[in-house]
Amino acid sequence: MDYNFNEIEKRWQHYWAKNKTFATGIDASKPKFYVLDMFPYPSGAGLHVGHPLGYIASDIYSRYKRLKGFNVLHPMGYDAFGLPAEQYAIQTGQHPKKTTEENIARYRSQLDRIGFSFDWDREVRTCDPHYYKWTQWAFLKMFAHWYNNKTDKAEPITELIKIFEREGNINVDAACSDVKSFTAQEWNSFSEREKSDILMNYRIAYLGETTVNWCPDLGSVLANDEVKEGLSVRGGYPVEQKKMKQWQLRVSAYAGRLLNDLDSLEWSDALKEMQKNWIGKSYGAEMVFQMENPNPATILESDINATADGPREYNVKIFTTRADTVFGVTFMVLAPESDWVELLTTKEQKQAVEEYIAEIKKKTERERIAQTHKVTGVFSGSYAVNPFTGEKVPVWISEYVLSGYGTGAIMAVPAHDSRDYAFAKHFNLKIVPLIEGCDVSEESFDAKDGVMCNSGFLNGKTVKEAIPLAIEEVEKRGIGSRKVNYRLRDATFSRQRYWGEPFPIYYKDGIPTPLDESELPLELPVIETFKPTSTGEPPLAHATNWNKEGYPYELSTMPGFAGSSAYYLRYMDPHNEEALVSREADEYWRNVDLYVGGTEHATGHLIYSRFWNKFLYDLGYVVEKEPFKKLVNQGMIQGRSNFVYRIKGSNTFVSAGLKDKYDTTEIHVDVNIVYNDRLDIEAFKKWQPEFQTADFILEDGEYICGWAVEKMSKSMYNVVNPDSICAQYGADTLRLYEMFLGPVEMSKPWDTKGIDGVHRFLKKFWRLFFTGKDGEFFLSDEKATPQELKVLHKLINKVDTDIQAFSYNTSVSAFMIAVNELGALGCNKKDILIPMVILLSPFAPHICEELWNLAGNTESITYATFPEYKEEYTIENSFEYPVSFNGKVRFKLNLPNQLSQEEALEAVMASDQTAKWLDGKSIRKIIVVPGRIINVVI
RNA sequence: GCCAGGGUGGUGGAAUUGGUAGACACGCAGGACUUAAAAUCCUGUGGGCAGAAAUGCCUGUACGGGUUCGAUUCCCGUCCCUGGUACCA
């Protein structure tokens with residue numbers, strides 16, 4: 001009987017769906033295992049062969065774990081809110097809901113064809129109100145909590161109010177935006193609006209004014225991880241910096257815990273490193289620089305008088321990691337967006353400063369990055385006093401100081417910081433070297449190395465000694481303190497878009513007011529136009545009745561990462577209307593044991609999700625501190641493009657080997673009409689009308705195409721659809737081939753030509769079972785020979801260890817070797833082949849299910865047991881000969897084949913080399929490798 | 001610039017702790033079966049030299065050094081590639 005994969009795969013996929021073979025429930029009698037894929041955004045283009053790579057790897061792991069007796073949770077869903085559907089809606093007028101549903105249907109049919117063992121009863125969609133109810137719920141919780149630095153966790157804001165009423169905010173140590181201190185008495189006398197404004201500074205989800213990434217083309221703000229090199233990650237539009245009032249999440253409060261808990265995770269070092277850099281912890285000190293006698297004459301009158309909310313702080317606080325260099329501070333620099341700019345600009349400099357700031361505002365982020373090494377800046381007119389030298393130093397304003405990091409102001413030490421150096425050289429400022437023997441005539445000396453000089457009490461100390469001493473002195477003088485700083489910033493949580501979760505917030509007399517939990521979900525209203533209004537308001541302003549009892553709802557929606565931050569929890573209990581996840585389900589499934597997905601989420605989703613989980617942990621809703629225990633990053637599958645070469649000004653195409661003899665243009669050609677880089681000329685002529693009359697210059701009667709590795713995309717004509725591979729070779733072949741291509745973590749180009757090899761393997765495997773009369777299914781009951789047992793048990797061991805190490809490509813090779821060996825032995829024994837079927841079933845489930853069934857099993861192979869490895873069957877024809885240890889020299893000898901243990905020892909002892917190296921020492925170990933090499937360890 | 005990870009045949013890629021480099025597969029070449037094609041099977045396949053052949057020898061894991069009886073593996077230097085980051089004080 002032939003291997004009819006199309007028929008087999010269709011039949012078993014139907015069987016699995018009908019019997020809910022992969023449905024999972026809580027089962028206390030079995031250990032749990034949670035395998036999760038990063039759920040896809042269902043784009044209009046559908047899946048190409050690159051997308052399922054990670055899904056196949058995790059599916060193999062899931063099926064393997066089931067065979068090992070685990071209760072495996074392996075769900076799938078859709079990250080269905082997002083920009084592309086909305087951009088498409090703006091262009092075509094199609095409602096995003098409709099296109100999203102169509103795309104999901106297409107994804108589902110493509111996924112189903114590959115034979116995944118997902119529990120589809122647990123599917124989630126982020127755009128479903130039953131789902132986003134819980135996204136909104138988490139937002140309300142964040143709104144109703146603040147971060148207490150003393151207990152290092154989130155606590156209810158109602159408790160904070162009680163503290164304020166009792167003792168004001170003097171003893172409160174919170175992660176918060178800048179707040180003035182107040183007494184209990186003052187608090188109690190504040191108006192509702194004032195109280196609301198103050199509390200907003202403490203909330204974990206808060207409305208606050210900051211510099212945001214504004215993308216005019218998308219009409220929305222973006223989070224830091226959604227911007228790369230000054231362009232939006234989605235769409236590649238330019239981004240600029242803008243000060244705006246936006247919803248934000250106080251992720252920065254969790255920076256320390258996000259960093260520390262990385263140690264407990266089984267993630268790749270590269271990924272942990274990325275998160276560490278993104279969080280960016282640095283140790284240093286904060287220090288206040290007195291402004292030189294804030295001389296009222298040099299300060300603008302308006303600022304002096306603008307003291308309605310208390311005394312304004314003219315003195316500038318800075319952050320530095322090099323407190324030891326304070327004797328070398330010859331000027332200070334403020335970020336252009338800093339509040340101090342307005343305060344410290346003198347009348348004389350006002351015009352120059354305003355011009356400079358206007359200039360900066362005009363630049364996009366991209367332009368700023370491109371001109372990184374161009375020095376710009378302006379003098380504010382004010383001076384500060386160096387607290388250690390007493391010297392008067394000018395205060396400058398420059399874009400090289402960032403408002404979002406530290407305090408938005410720096411002390412500049414040109415001798416020992418390359419940026420300060422460039423600035424000092426450009427504006428002719430003083431440079432004072434502080435390290436003995438360093439040469440700062442050409443460049444700064446940035447290394448934390450050497451012995452201090454020109455530094456008062458620090459003279460003679462090394463840099464490493466000087467840093468803590470300087471900080472100590474700063475603290476003693478009461479002008480600053482030790483400080484840990486993080487690069488991680490709060491996440492911008494508003495998007496001026498339609499296709500996202502609405503905020504459960506309305507504005508009562510302008511005060512942001514949360515809905516009650518019982519009012520959730522607040523459903524997204526249906527609208528017709530998706531563009532901003534003529535007054536520049538977000539699309540939700542088009543909605544009628546978008547208000548609560550006349551008070552308007554928030555017009556922004558939540559960003560893409562909102563819905564994906566807790567989806568792994570929802571899968572545990574997807575139909576629960578009372579809770580995000582029940583306590584029972586959470587305590588059983590706990591967290592994700594294996595998470596598979598791309599590195600592109602390193603600084604976005606994987607930070608937000610960890611933050612979200614920790615927040616819910618603080619509130620007692622989840623039991624684990626971390627959501628994803630082990631994480632594997634699958635590599636990207638790139639496209640392999642083919643080219644033809646047209647001679648310029650003609651319709652003649654020249655084969656790749658001869659193209660250098662002509663002046664040609666390189667043209668992408670559809671990879672689906674190229675086989676082994678040979679062009680199907682007839683198909684090419686039909687491909688596009690302009691090629692109908694094409695002529696060809698061939699080599700050896702064939703047209704050879706050129707090739708290159710590029711991104712898989714329609715415009716390069718290199719997209720390979722998994723559906724067509726399934727139709728031609730079957731899903732099992734596709735699964736095996738994707739694994740066989742190379743390690744899961746590695747990026748590699750897709751090249752269909754190698755697929756025949758694994759397909760051939762499956763056919764050979766199939767044939768082992770059809771040895772009866774007329775090629776019918778037949779397995780012998782005969783006992784297996786030692787040789788056959790060795791083949792099997794070597795394979796069991798290899799597959800077992802390989803799967804755990806995620807080394808699927810070598811596993812597939814091991815299967816090929818085993819099948820070739822069994823084929824050569826003519827083995828058709830039940831003892832051997834039935835365990836083989838079980839072993840292969842995670843990789844190629846359809847064919848194995850079929851063979852398992854033909855062998856008389858009525859239950860799915862999913863419920864079979866992984867065969868047990870017995871070492872005694874696999875002992876190699878080699879031995880170790882242990883002798884007493886007396887040294888560590890190892891060497892090898894060439895000896896004839898087929899020596900017994902005694903003969904080998906004898907030969908070793910008789911050899912000249914042994915005599916040479918032995919030299920009074922004794923032999924520790926002799927290793928005979930099959931063949932003729934002997935290692936002798938002395 | 002900084003951080004991380006890489007560089008092995010024509011191609012994708014193997015190689016426990018340093019121990020037969022190139023498993024497995026593609027491709028290619030030759031052969032068998034077939035009227036023919038497809039399918040299937042067999043043989044060869046890093047480079048070089050010698051030999052009629054079995055075979056033998058030399059060389060070879062980006063480049064240059066080092067440690068070692070022995071290095072794809074460890075150390076130092078150089079070049080190149082990929083990913084992350086981009087004035088983070």
Side-chain angles (χ1 to χ4, degrees), chain A residues 2 228-230 268-278 280-282 284-285 318-323 325 332-333 335 365 368-375 398-402 404-413 416-420 422-423 446 485-489 599-600 602-603 633 635-636 640 676-677 707 736-737 740-743 745-761 763-764 767 801 805 807 809-818 820 823 888-894 913 916-917 927 929-938:
Chain A
D2 281 346
K228 204 163 273 183
E229 288 167 1
S268 71
D269 290 341
L271 196 77
K272 284 188 187 180
E273 202 59 37
M274 263 188 241
Q275 289 216 341
K276 276 181 195 162
N277 291 340
W278 190 260
K281 185 176 189 174
S282 54
I318 59 94
F319 173 78
T320 180
T321 55
R322 292 294 302 275
T325 60
M332 295 185 70
V333 188
E365 187 65 3
R368 250 175 110 156
I369 289 166
Q371 300 165 3
T372 285
H373 295 292
K374 204 176 145 197
V375 179
S398 171
E399 59 181 328
Y400 87 86
V401 174
L402 306 173
Y405 182 77
T407 62
I410 61 154
M411 63 179 212
V413 186
H416 302 289
D417 183 289
S418 50
R419 298 153 301 178
D420 298 345
F423 195 81
D446 290 14
N485 220 339
Y486 294 98
R487 203 185 80 112
L488 184 70
R489 291 181 223 174
T599 358
E600 65 272 22
T603 52
N633 288 120
M636 291 248 291
R640 188 178 187 278
N676 294 335
D677 292 337
W707 62 273
L736 275 173
Y737 184 55
F740 185 69
L741 270 176
E745 298 90 334
M746 202 183 276
S747 288
K748 56 239 157 187
W750 174 270
D751 188 353
T752 306
K753 79 180 177 189
I755 203 168
D756 289 318
V758 285
H759 189 62
R760 226 166 266 161
F761 155 74
K763 283 197 266 188
K764 281 186 206 169
R767 245 180 284 134
T801 51
S807 178
N809 55 331
T810 50
S811 260
V812 178
S813 294
F815 276 115
M816 289 177 175
I817 295 168
N820 280 340
K888 56 177 179 181
V889 176
R890 296 169 128 228
F891 63 94
K892 64 184 180 185
L893 293 171
N894 289 342
Q913 278 196 58
K916 187 169 146 206
W917 292 111
I927 303 165
V929 180
R932 54 203 154 75
I933 307 295
I934 294 192
N935 286 326
V936 181
V937 183
I938 306 180

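Given the structure is predicted, the values throughout are model-derived calculations rather than measurements. Worth knowing before you read on, the calculation uses all heavy atoms, side chains too, and leaves out hydrogens, waters and symmetry mates.
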With nearest nucleotide decided by heavy atoms, which residue, A/Val758 or A/Thr320, maps closer to the 5′ end of RNA chain B?
A/Val758
Nearest atoms (heavy-atom pairs only) where A/Arg322 meets A/Met411
O-CE, 3.5 Å
Nearest to the [X] side chain among [options], which nucleotide is it?
X	options	value
A/Lys228	B/rA25, B/rG13, B/rG84	B/rG84
A/Leu402	B/rC24, B/rG13, B/rA89	B/rA89
A/Met274	B/rC24, B/rG83, B/rC3	B/rG83
A/Glu399	B/rG13, B/rC87, B/rA4	B/rC87
A/Lys763	B/rG12, B/rU40, B/rG84	B/rU40

Under 4.0 angstrom between [X] side-chain N/O and [N] OP1 or OP2:
X	N	result
A/Asn809	B/rC24	no
A/Ser268	B/rG5	no
A/Tyr400	B/rA89	no

The side-chain contact (heavy atoms from CB on, under 4.5 Å) partners of A/Arg640 (sequence neighbours excluded) come to A/Asn642, A/Asp677, A/Trp707, A/Asp751
Only counting residues at least two apart or in another chain, list the ones meeting side-chain contact (heavy atoms from CB on, under 4.5 Å) with A/Thr752.
A/Val720, A/Ile725, A/Trp750, A/Ile755
Would you classify [X] as touching base, sugar-phosphate or nothing, given that sugar-phosphate means primed atoms plus P, OP1 and OP2, and contacts are heavy atoms under 4.0 Å?
X	value
A/Arg640	nothing
A/Asn485	nothing
A/Ser282	sugar-phosphate

Please tabulate, one pair per line, each protein N/O and nucleotide N/O from nucleotides 41-46 of chain B that are separated by under 3.5 Å, including the distance.
none

With syn defined as a glycosidic torsion within 90 degrees of 0 and anti otherwise, which applies to B/rG9?
syn
A/Phe319 vs A/Tyr405 aromatic rings, parallel, tilted or perpendicular, using cut-offs 30° and 60°?
perpendicular
